[in-house]
Q: 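Once you've had a glance at the structure underneath, I'll fire off some questions.
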2 protein chains.
Amino acid sequence: MLSVMATGHTDPRRRERIIDATLDLIAEEGIANVSHRRIATRAGVPLGSMTYHFGGLEELLREAFGRFAERIVALFDSYLAAPNDRERARDAVTDLIHELSEDDQRYLVLTQELYTLAARQPAYRELTKEWMRRSRVHLERHFDPDTARQLDALIEGMTLHRALTPEPHDRALTREAVTRITTRDPAQR
Amino acid sequence: MLSVMATGHTDPRRRERIIDATLDLIAEEGIANVSHRRIATRAGVPLGSMTYHFGGLEELLREAFGRFAERIVALFDSYLAAPNDRERARDAVTDLIHELSEDDQRYLVLTQELYTLAARQPAYRELTKEWMRRSRVHLERHFDPDTARQLDALIEGMTLHRALTPEPHDRALTREAVTRITTRDPAQR
DNA sequence: CTTCAGAGCGTACGATCGTACGCATGCCGA
DNA sequence: TCGGCATGCGTACGATCGTACGCTCTGAAG
């Protein structure tokens, strides 16, 4: 062999780069179109690395989505931990919805793929449950538990609709929805 | 060949059975795990039928999801066309959310797979946009357009959370959320 | 009864897949 | 300096895939 061949001991970032490449590929091509070979090419690592660093494709996917969930939870934390009163919490939720549905559809796609897996496999369902639990903890600092659950569902739905719909809700409408869902015993019209 | 071989002209339900088998398979195994062969086995048709009746796997999937979307739209219609006043509309929406997230996760899984495709491919996005448009038409018979959009998003989010969460919202909580989101200018607490 | 057009499918091809295994490589102790 | 060993990867195997093509068979026309 004339090229580099084995490198001996090295590079703890190999795993990270593989995981990142996996998430990128899933976002761009869908889980149906990822393979060891395509991930390896994308990450710039040899095919053999795949089964060396990860027990198999399934294990790699679990780890990749685990990483994704961690990042999302961190994002939720960063938005929802800060506000100290109810009005600011509503603002933060509004911001979060717009952040999640903005720009490319990376977040949307990865979330959808995760939910799809969650609907069928308990391991993935744990990821999403933990995610929902964490965000509810934040919301419950400002709202009662029932309201928190309703608001959590609204965040989900508005994020999705904003991303899939030609004319997404503008900020004022989002804010209005957040206000409505977090307000009890309203006088009906 | 000793078995049946070709059957000559026949059976217009071949296509239907293939499409149904496709949806069943996707619901059970995920889009990543469907193939011409597995669909054929499931539908009880020969492999050759696949490329005979459909231009290819992609075309089959589009048609299958088209059929799914039609059925869902019909379900939305059946729930949302009936009510004649605002209160009954709220009840109907509540019923719809519970219907969609009940029992098996067939609806959840297929919807997630469709949204995932919609996020990446315009053809599928049209399907979902049409679906959203149709449901909004119903909702707008009872609520103003902005409210209809917010309610539509809430339906989405609550359906998902009910299906994925260990203790789904009970009916009273769902109804409360529907009431809140459809009530304007509430007095804040 | 004979013919034949076209509906429908059996089958085979090339591509791609996941995975395992043996070998190349560089580091460390002596 | 040199041996041994753990790290890391090149490669090959068997399975599975989508698809195209030519053959079989049916029903209708005559």
Side-chain angles (χ1 to χ4, degrees), chain A residues 1-26 28-65 113 117 120-121 123-124, chain B residues 1-26 28-65 113 117 120-121 123-124:
Chain A
M1 293 302 106
L2 40 79
S3 63
V4 188
M5 296 291 291
T7 58
H9 313 238
T10 32
D11 200 358
R13 278 188 299 189
R14 263 287 193 276
R15 281 180 61 89
E16 295 307 310
R17 298 191 30 244
I18 291 173
I19 289 176
D20 286 340
T22 303
L23 288 173
D24 288 347
L25 250 185
I26 293 172
E28 289 171 21
E29 314 269 2
I31 235 183
N33 295 41
V34 304
S35 69
H36 270 151
R37 277 161 242 261
R38 285 159 71 96
I39 295 170
T41 301
R42 174 81 177 222
V45 304
L47 175 59
S49 289
M50 292 296 129
T51 47
Y52 177 74
H53 288 292
F54 301 91
L57 191 53
E58 197 129 324
E59 181 181 315
L60 170 55
L61 291 180
R62 267 200 301 275
E63 193 149 348
F65 276 108
E113 299 272 16
L117 293 169
R120 264 189 301 262
Q121 301 182 38
Y124 292 98
Chain B
M1 295 302 107
L2 41 78
S3 63
V4 189
M5 297 291 292
T7 57
H9 312 237
T10 30
D11 200 358
R13 277 188 299 188
R14 261 290 192 275
R15 281 180 61 89
E16 295 307 310
R17 299 194 25 247
I18 291 173
I19 288 177
D20 287 340
T22 303
L23 288 173
D24 288 347
L25 250 186
I26 293 173
E28 290 172 20
E29 315 268 3
I31 235 184
N33 295 11
V34 304
S35 69
H36 271 152
R37 277 161 241 260
R38 286 160 71 95
I39 295 169
T41 301
R42 174 82 177 222
V45 304
L47 175 59
S49 288
M50 293 296 129
T51 47
Y52 176 74
H53 288 291
F54 301 91
L57 190 52
E58 197 128 323
E59 181 181 314
L60 171 54
L61 291 180
R62 267 200 302 275
E63 193 150 348
F65 276 109
E113 299 271 17
L117 293 170
R120 264 189 299 263
Q121 301 182 39
Y124 292 99

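Letters go in sequence order (proteins before strands), and every chain restarts at 1.
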Q: Hey, what are the protein-to-nucleotides 14-18 of chain C N/O distances that come in under 3.5 Å?
A:
from, atom 1, to, atom 2, distance (Å)
C:dC17, OP1, A:Ser35, OG, 3.2
C:dG18, OP1, A:His36, N, 3.3
C:dG18, OP2, A:His36, N, 2.9
C:dG18, N7, A:Arg37, NH2, 2.2
C:dG18, O6, A:Arg37, NH2, 2.7

Q: Give the rounded distance in Å between these two atoms: CZ of A:Arg15 and P of D:dC9.
A: 13 Å
Q: Taking side chain as C-beta onward, heavy atoms only, is B:Val34 less than 4.5 Å from B:Arg38?
A: no
Q: For A:Ile39, which of A:Asp24, A:Ile18, A:Ile19, A:Leu47 qualifies under side chain to side chain contact (heavy atoms under 4.5 Å, CB included)?
A: A:Ile18
Q: Got a salt bridge between A:Glu113 and A:Arg120, using NZ or NE/NH1/NH2 to carboxylate O under 4.0 Å?
A: no
Q: Show which side-chain atoms of residues 55-62 of chain A pair as donor or acceptor with protein atoms under 3.5 Å away, not counting sequence neighbours.
A:
from, atom 1, to, atom 2, distance (Å)
A:Glu59, OE1, A:Gly55, N, 3.3
A:Glu59, OE2, A:Gly55, N, 3.1

Q: Take atom CZ of A:Arg14 and atom C1' of D:dG8, then tell me their distance rounded to the nearest Å.
A: 9 Å
Q: Between B:Leu117 and B:Ile31, is there a side-chain heavy-atom distance shorter than 4.5 Å?
A: yes
Q: If I take atom CE in residue A:Met50 and atom P in nucleotide D:dA12, what distance separates them, rounded to the nearest angstrom?
A: 19 Å
Q: Return the value, rounded to whole Å, for the distance between atom CG of A:Leu60 and atom P of C:dT19.
A: 10 Å
Q: Roughly, in whole Å, what's the span from CD1 in A:Ile39 to P in D:dC9?
A: 16 Å
Q: Quick one: OG on A:Ser49 to CZ on A:Arg14, what's the gap to the nearest 0.5 Å?
A: 5.0 Å
Q: Quantified as the angle between the terminal helix axes (five pairs each), what is the overall bend of the helix from C:dC1-D:dG30 to C:dA30-D:dT1 to 10 degrees?
A: 10°
Q: Would you tell me if any nitrogen or oxygen in the side chain of A:Ser49 comes within less than 4.0 Å of OP1 or OP2 on D:dG8?
A: no
Q: Which heavy atom of B:Arg15 sits nearest a heavy atom of B:His53, and at what distance?
A: NH1-O, 2.8 Å
Q: Between C:dG8 atom C1' and B:Tyr52 atom OH, what is the distance in whole Å?
A: 6 Å
Q: Should A:Glu28 and A:Arg42 count as side-chain neighbours, where that means a heavy-atom distance under 4.5 Å?
A: yes
